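Working notes, beginning with the structure itself.
Start at 1 and go down the list; that is how both ligands and their atoms are numbered. As the structure is a prediction and not an experimental result, all values here were calculated from the model.
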Amino acid sequence: MLSEQAVNEINREIDKYPTEQKQAALMATLSIAQREVGHLSKEVMDWVAGFLNVPPIRVREVATFYSMYDLEPVGKRKICVCTNISCMLRGSDEVIQHIEKRLGIKVGETTPDGGITLTEVECLGACADAPMMQIGDDYLENLTPDRIDAILDQLETTNA
Ligand code: FES
């Protein structure tokens with residue numbers, strides 16, 4: 001299911017915990033699996049459950065709770081716009097509208113070329129610099145229309 005490299009990485013995560021607590025590596029294992037195969041299908045989640053020896057429902061509970069896990073295929077890059085209270089009060093609705101118009105997609109959709117998926121997420125802990133969004137490992141804060149355009153220009157260039 002996963003490459004030897006990914007399995008080794010998961011084993012290093014498991015080694016951080018006592019032998020009888022290897023299920024503690026569940027979130028890290030899901031992240032590694034998702035990075036490797038793109039999204040967490042039922043098949044992937046079942047593999048994770050078997051590998052960590054936890055009930056499949058436990059894996060599903062975690063995978064469906066956190067917005068960082070994708071249960072369906074997504075684009076090469078995922079734009080996660082926070083729409084929680086601080087971001088909402090500082091213009092996240094306008095951020096979403098601006099990105100939707102620019103990309104020609106709605107929240108939850110992917111651009112026709114499969115390059116970018118737009119999602120809405122709960123608070124990402126960067127409220128002081130709202131409104132904000134996350135792309136990959138980057139937090140992009142204090143968003144304005146011009147700043148969003150500059151970010152999307154760069155994203156489209158690197159996706160090309
Ligand atoms: S409300 Fe958006 S980062 Fe906290």
### Query
Between R102 and E156, does at least one N-O distance fall below 4.0 Å, as a salt bridge requires?
yes

### Query
So, does T111 use its side chain to make a donor-acceptor pair with the main chain of I116 at under 3.5 Å?
yes

Which side-chain N or O atoms in residues 132-145 pair as donor and acceptor under 3.5 Å with protein atoms at least two apart or in another chain?
from	atom 1	to	atom 2	distance (Å)
Q134	NE2	G136	O	3.0
Y139	OH	L124	O	2.8
T144	OG1	R147	N	3.1

For a quick test of your reading: what N or O donor-acceptor pairs under 3.5 Å do the side chains of residues 17-24 make, sequence neighbours left out?
from	atom 1	to	atom 2	distance (Å)
Q21	OE1	Q23	NE2	3.4
K22	NZ	F51	O	3.1

### Message
If I only include protein atoms of type N, O or S, how many are less than 2.8 Å from atom 2 (Fe) of ligand 1?
### Response
2

### Donor-acceptor contact present, side-chain S86 to main-chain C127, <3.5 Å
no

Return all side-chain donor-acceptor pairs below 3.5 angstrom for residues 25-33, not counting sequence neighbours, or 'none' if the list is empty.
from	atom 1	to	atom 2	distance (Å)
T29	OG1	A25	O	2.7
S31	OG	M27	O	3.1

